[in-house]
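For reference, positions follow the sequence shown, starting with 1. Basis for what follows: all heavy atoms, side chains included, without hydrogens, waters or symmetry-related copies.
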Amino acid sequence: MTPATPATPATEHGHKHGLGHDLHLLHDALGPPKDREQVAARLLEASARHSFDPDKELDWEAPVEDGKWFWPPELVSLYDTPLWRSMPEEQRMELARHEAASLASLGIWFEIILMQLLVRHIYDRPVTSDHVRYALTELADECRHSMMFAKLIRKGGAPAYPVPRFHHNLARVLKSVSTTPGSFAATLLGEEILDWMQRLTFPDERVQTLVRGVTRIHVIEEARHVRYAREELRRQMVTAPRWEREFTRLTSGQTARVFSVCFVSPRVYENVGLDRHRAVAEVRASGHRREVMRAGARKLTDFLDDIGVLRGPGRALWKSSGLLA
């Protein structure tokens with residue numbers, strides 16, 4: 001992998017470019033960024049209090065529960081379409097099971113990318129800083145999450161759904177040329193939309209107990225990852241060179257397009273006995289699905305708009321992804 005923008009060695013408090021930026025002199029629409037080391041120290045404390053071992057926390061030996069969903073029906077891609085209304089309940093639940101496997105597969109793919117980007121971010125940074133210590137803590141979280149999602153796919157009995165080869169290789173390019181702010185924008189894209197859906201899932205008693213447990217662990221731990229990424233992205237967007245900010249706006253928009261296309265594999269429809277082309281067409285035409293995706297992305301797009309990411313041609317790419325109205 002080719003590092004996109006080698007970082008200038010930082011001080012223990014994370015100042016970069018040798019400029020010794022004073023926090024009160026840097027600001028965006030949300031105010032001055034938080035001190036990097038203070039944010040990391042608080043996140044390390046939270047990690048010590050609320051980290052989970054999924055192998056021990058969850059009952060993987062319990063049988064699959066009859067009559068319970070693997071994903072809330074309102075979050076299934078075909079919900080409230082003509083095709084959905086024609087499907088018997090059993091087939092709807094089967095589609096939810098396969099879509100849960102598809103989303104877990106997407107989550108693993110995205111987390112593997114994000115781990116690579118995070119390792120690149122800390123490569124030139126002080127190894128004793130809390131900022132790097134927290135990044136390593138987050139990497140450990142993400143490793144556990146990826147293994148947890150893989151275990152859930154196997155337990156559910158549906159196949160894994162890798163993203164199409166074209167998008168797999170396109171992501172290889174995007175992560176290789178990503179700027180530092182671009183990496184954190186991609187991190188938030190991969191985390192916040194699924195997080196919104198999972199916050200609806202883990203309290204839902206219609207859903208399998210194991211799925212609820214998996215989503216609860218992921219929501220609690222990802223809240224820290226989102227805080228870390230948001231604060232660092234804010235800092236980067238007020239300290240990075242102009243070309244880097246502009247490039248980030250473009251690549252984040254393209255990443256949003258890839259993410260929205262890969263969100264649910266079209267193969268799930270074939271695997272539950274549906275016509276793939278009709279299903280894909282109805283999902284694209286579904287007002288409910290469009291609102292679900294935009295609602296899931298709304299907190300993220302509002303934040304990105306506030307800090308100047310959704311500007312210029314990149315904004316058009318975000319709109320074409322369907323995640324931004």
Mind running side-chain contact (heavy atoms from CB on, under 4.5 Å) on Phe303 and Arg230 for me, showing each step along the way?
CA-CA 9 Å; Phe303 169 72; Arg230 280 188 171 222; 3.5 Å; yes
For Val283 and Tyr79: C-alpha separation, side-chain torsions, deciding distance, then whether side-chain contact (heavy atoms from CB on, under 4.5 Å) applies.
CA-CA 9 Å; Val283 170; Tyr79 181 80; over 6 Å; no
Before giving the answer on side-chain contact (heavy atoms from CB on, under 4.5 Å), spell out for Arg245 and Met237 the whole-Å C-alpha distance, their side-chain angles and the decisive distance to 0.1 Å.
CA-CA 6 Å; Arg245 297 196 302 271; Met237 288 302 291; 4.1 Å; yes
Pair Asp305, Arg315 - check salt bridge (Lys or Arg N to Asp or Glu O under 4.0 Å), show working.
CA-CA 9 Å; Asp305 210 7; Arg315 188 178 188 91; 3.1 Å; yes
Starting from the C-alpha separation in whole Å, work towards a yes-or-no answer on side-chain contact (heavy atoms from CB on, under 4.5 Å) for Arg294 and Leu324.
CA-CA 6 Å; Arg294 288 180 180 172; Leu324 180 67; over 6 Å; no
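To the nearest 0.5 Å, atoms CE (Met115) and CG (Asp141) are separated by 10.5 Å. Note that CZ of Arg235 is 12.5 Å distant from CD1 of Ile307, once rounded to the nearest 0.5 Å. Rounding to the nearest 0.5 angstrom, the gap separating the CG atom in Leu233 from the CG atom in Leu304 is 6.5 Å. Separating the OG1 atom in Thr251 from the CG atom in Leu317 is a distance of 10.0 Å, to the nearest 0.5 Å. Rounded to the nearest 0.5 Å, atoms CE (Met148) and CZ (Phe52) are 10.0 Å apart. One finds the CZ atom of Arg212 at 15.5 Å from the CH2 atom of Trp69 (value rounded to the nearest 0.5 Å).
A donor-acceptor pair under 3.5 Å is formed between the side chain of Arg92 and the backbone N or O of Met87. Remark: the backbone N or O of Gly308 is paired with a side-chain donor or acceptor of Arg249 at under 3.5 angstrom. Listed for the Gln198 side chain is no donor-acceptor partner under 3.5 Å among the backbone atoms of Arg216. Using modelled atom types, one side-chain atom of Trp60 and one backbone atom of Pro54 make a donor-acceptor pair closer than 3.5 Å. Between the side chain of Ser321 and the backbone N or O of Arg257 there is no donor-acceptor pair closer than 3.5 Å. Looking only at distances, no side-chain donor or acceptor of Glu244 sits under 3.5 Å from a matching main-chain atom of Pro181. At least one donor-acceptor pair under 3.5 Å links the side chain of Ser178 to the backbone N or O of Ser183. In terms of modelled atom types and a separation under 3.5 Å, the side chain of Lys155 and the main chain of Ala62 share a donor-acceptor contact.
Within a 6.0 Å radius of NZ in Lys319, other residues, nucleotides and ligands contribute 12 heavy atoms or fewer. Atom CZ of Arg206 is surrounded by more than 12 heavy atoms from other residues, nucleotides or ligands within 6.0 Å. More than 12 heavy atoms of other residues, nucleotides or ligands sit less than 6.0 Å from atom NZ of Lys68. Sparse packing is recorded around CZ of Arg154, with 12 or fewer heavy atoms of other residues, nucleotides or ligands lying under 6.0 Å away. Residue-environment remark: CD (Glu90) stays at or below the threshold of 12 foreign heavy atoms within 6.0 Å. In the displayed structure, Arg242 atom CZ is contacted under 6.0 Å by at most 12 heavy atoms of other residues, nucleotides or ligands.
In summary, the side chains of Trp318 and Ser252 do present a donor paired with an acceptor at a separation below 3.5 Å, with no hydrogens or angles considered. Side chains of Gln236 and Thr180: a donor-acceptor N/O pair is absent below 3.5 angstrom, by distance only. Residues Thr201 and Thr215 bring no donor and acceptor atom of their side chains to less than 3.5 Å of each other. For His145 and Glu142, the side-chain atoms include at least one donor-acceptor pair closer than 3.5 Å. One side chain, Ser51 or Arg224, offers a donor N or O that lies under 3.5 Å from an acceptor on the other.
Residues Val173 and Ile113 fall into different hydrophobic clusters, defined by Ile, Leu, Val, Met, Phe, Trp and Tyr side chains chained together at heavy-atom separations under 4.5 Å. Met93 and Trp84 fall within the same hydrophobic cluster, where Ile, Leu, Val, Met, Phe, Trp and Tyr residues are linked whenever their side-chain heavy atoms come under 4.5 Å apart, directly or through other members. Grouping the Ile, Leu, Val, Met, Phe, Trp and Tyr side chains by contacts below 4.5 angstrom, directly or via other members, places Val64 with Val207. Taken together through direct or relayed side-chain contacts under 4.5 Å among Ile, Leu, Val, Met, Phe, Trp and Tyr, Val119 and Phe110 form part of one hydrophobic cluster. Taken together through direct or relayed side-chain contacts under 4.5 Å among Ile, Leu, Val, Met, Phe, Trp and Tyr, Leu194 and Ile112 form part of one hydrophobic cluster.
Side-chain contact between Phe149 and His218 is present, with heavy atoms from C-beta onward closer than 4.5 Å. Within the 4.5 Å cutoff, the side chain of Arg42 has heavy atoms near those of the Arg227 side chain. Inter-residue side-chain proximity for Val226 and Asp195 is flagged as unmet; no heavy-atom pair is nearer than 4.5 Å. A 4.5 Å side-chain heavy-atom check between Glu246 and Pro241 finds every atom pair outside the cut-off. Taking 4.5 Å as the limit, every side-chain heavy atom of Phe263 sits out of range of all side-chain heavy atoms of Leu323. Side-chain contact between Phe202 and Val214 is absent, with no heavy-atom pair separated by less than 4.5 Å. Looking at His168 and Trp109, their side chains come closer than 4.5 Å, going by heavy atoms from C-beta outward. Counting heavy atoms from C-beta on, the side chains of Val258 and Val163 never come closer than 4.5 Å.
By the 4.0 Å N-to-carboxylate-O rule, Arg36 lies too far from Asp130 to be salt-bridged with it. No salt bridge links Arg298 with Glu192; every basic N to acidic carboxylate O contact stays at or beyond 4.0 Å. With salt bridges taken as basic N to acidic carboxylate O contacts below 4.0 Å, none links Arg144 and Glu57. A salt bridge is absent between Arg289 and Glu74; no separation between the charged side-chain nitrogens and carboxylate oxygens falls under 4.0 Å. Between Glu231 and Arg234 there is a salt bridge, since a side-chain N of the basic residue sits under 4.0 Å from a carboxylate O of the acidic one.
Here the closest heavy-atom approach between residue Ala135 and residue Leu118 is recorded as O-CD2, 3.6 Å. Considering every non-hydrogen atom in both Arg267 and Pro162, the closest pair reads NH2-CD, 3.6 Å.
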Using residues 95-108 as the side-chain source, report each donor-acceptor pair under 3.5 Å to any protein atom, sequence neighbours left out, with the distance given to one decimal.
| from | atom 1 | to | atom 2 | distance (Å) |
| --- | --- | --- | --- | --- |
| Arg97 | NE | Glu94 | OE1 | 3.1 |
| Arg97 | NH1 | Gly156 | O | 2.7 |
| Arg97 | NH2 | Glu94 | OE1 | 3.2 |
| Arg97 | NH2 | Glu94 | OE2 | 2.5 |
| His98 | ND1 | Tyr161 | OH | 2.6 |
| His98 | NE2 | Glu94 | OE2 | 3.4 |
| Glu99 | OE1 | Ser77 | N | 3.0 |
| Glu99 | OE2 | Ser77 | N | 3.4 |
| Glu99 | OE2 | Ser77 | OG | 2.4 |
| Ser102 | OG | Ser265 | N | 3.0 |
| Ser105 | OG | Ala101 | O | 2.8 |
| Ser105 | OG | Tyr161 | N | 2.9 |

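When the salt bridge (charged side-chain N to carboxylate O under 4.0 Å, His left out) test is applied to Glu222, no partner is found at least two apart in sequence or on another chain.
For His131 and His121, the ring centers are positioned less than 6.0 Å apart.
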